[in-house]
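A short write-up of the structure that comes next.
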Amino acid sequence: MTAARPSPRALHRLAAAAGAVLIGAGLSAAIAAPAAAEAGVGYVRLAHLSPDTPPVDVYVDDLGGKMKGLKFDAVPYGVMSDYLSVPPGTYAVSMRKVGADPKSKPVLTESVTVTEGSAHTVAGTGRFAELGLSVIDDDITAPPSGEAKIRVLQASVRSPVLDIRTKGGQEVGTGLKFATTSDYRGVKPGNWTLDLTPQSGTAAEATCTLAGGTTYSLLVLDGKNGLTTDLKVDAKAGEITPQGGVETGAGGTSDGGTIALVTGLGLVALAGVVGVGAVGLRRRARRTW
């Protein structure tokens, strides 16, 4: 007996439903992850940290032509990707309106130079009216023995200046301004409870467990009901386990593959401690709209 074959429309509905389940579960549709950091590559990850900017299509193009162009569709505020391992070289990261022609002029574009073993976060930052792309250098070296290492990316415009202290009253960050990132700070591993106190507005609390030998970035974001946080692992024991290597060879934006950024916002452990004194993100974006 021959089984009935579902219609194309039914298959489309099934695929859409499956995609929704994956997004809701905070998973990413991406290439297979290698077991550990690779030799001869560097690392780049992408983030949308502008609270009043709508979702954007993000493109990554190798200006040296070693790697095919990549496209990330409809990336919303608060999302940071895992690292991509890429050959050393210079890459153009561009943002376009969702659904815009890939060959059209981007809203923003910025270049990032990747060397072997280096790691960088390229983030859309600031308010929409002054939106920029910031290249943030990530420190993926191992923390001192018996410590964890963490920093904060302050992306809350509703709490433009923020203080963070432990429940015991230890000051771990004062005057953290919107669209800035703190230095990494070594801390003792263990369970943490933090008070996030804006200079105006409603305070929030975050709890987490930090593992020894692990480096973290903590995103502070505007949620529907106030401040929220998202903890990201940058490296373990000085090694990155990136989302995956990318296909090399000639290529560009028009031929790029499409990869979904991780959308696990709110599903990772709330957490963090920050370095004292926020350092401004390097804003070198070239705005073209």
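Everything numeric in this text was worked out from a predicted model, so none of it was measured.
- Put simply, the side chain of Thr121 reaches to within 4.5 Å of the side chain of Met80, judged on heavy atoms.
- Nearest heavy atom pair, residue Pro51 against residue Gly126, reads CD-O, 4.1 Å.
- Under the side chain to side chain contact (heavy atoms under 4.5 Å, CB included) criterion, Thr214 pairs with Ala211, Tyr216, Val233, Lys236, not counting sequence neighbours.
- Cluster membership for Leu49 and Phe178, using ILVMFWY side-chain heavy atoms within less than 4.5 angstrom, is not shared.
- Contact between Ala204 and Leu227 at its shortest, heavy atoms only, is CB-CB, 3.8 Å.
- Environment of CG in Asp101: crowded, with over 12 heavy atoms of neighbouring residues, nucleotides or ligands closer than 6.0 Å.
- Residue pairs meeting the salt bridge (charged side-chain N to carboxylate O under 4.0 Å, His left out) criterion with at least one partner in residues 39-54, sequence neighbours excluded, are Arg45-Asp138, Arg45-Asp234.
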Under the side chain to side chain donor-acceptor pair (under 3.5 Å) rule, what do Ser182 and Arg151 come out as? Steps first, then yes or no, please.
CA-CA 5 Å; Ser182 72; Arg151 66 158 179 205; over 6 Å; no
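- For Ser118, the side chain to side chain donor-acceptor pair (under 3.5 Å) partners two or more places apart in sequence, or in a different chain, are Thr115, His120.
- Salt bridge annotation for Lys232-Asp230: present, with a cationic side-chain nitrogen under 4.0 angstrom from a carboxylate oxygen.
- The side chain to side chain contact (heavy atoms under 4.5 Å, CB included) search around Thr202 returns none, not counting sequence neighbours.
- Judged by distance alone, with hydrogens and angles left aside, the side-chain atoms of Lys66 form a donor-acceptor pair with the main-chain N or O of Pro88 at under 3.5 Å.
- With sequence neighbours left out, the side chain to side chain contact (heavy atoms under 4.5 Å, CB included) criterion links Asp163 to Arg165, Thr174.
- The two atoms that bring Pro143 and Glu147 nearest to each other are CG-O, 3.3 Å, heavy atoms only.
- Shown here are the side chain to side chain contact (heavy atoms under 4.5 Å, CB included) partners of Asn191, two or more places apart in sequence or in another chain: Thr209.
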Using salt bridge (Lys or Arg N to Asp or Glu O under 4.0 Å), reason through Asp139 and Lys149 one step at a time and then give a plain yes or no.
CA-CA 9 Å; Asp139 180 4; Lys149 189 166 58 178; 3.3 Å; yes
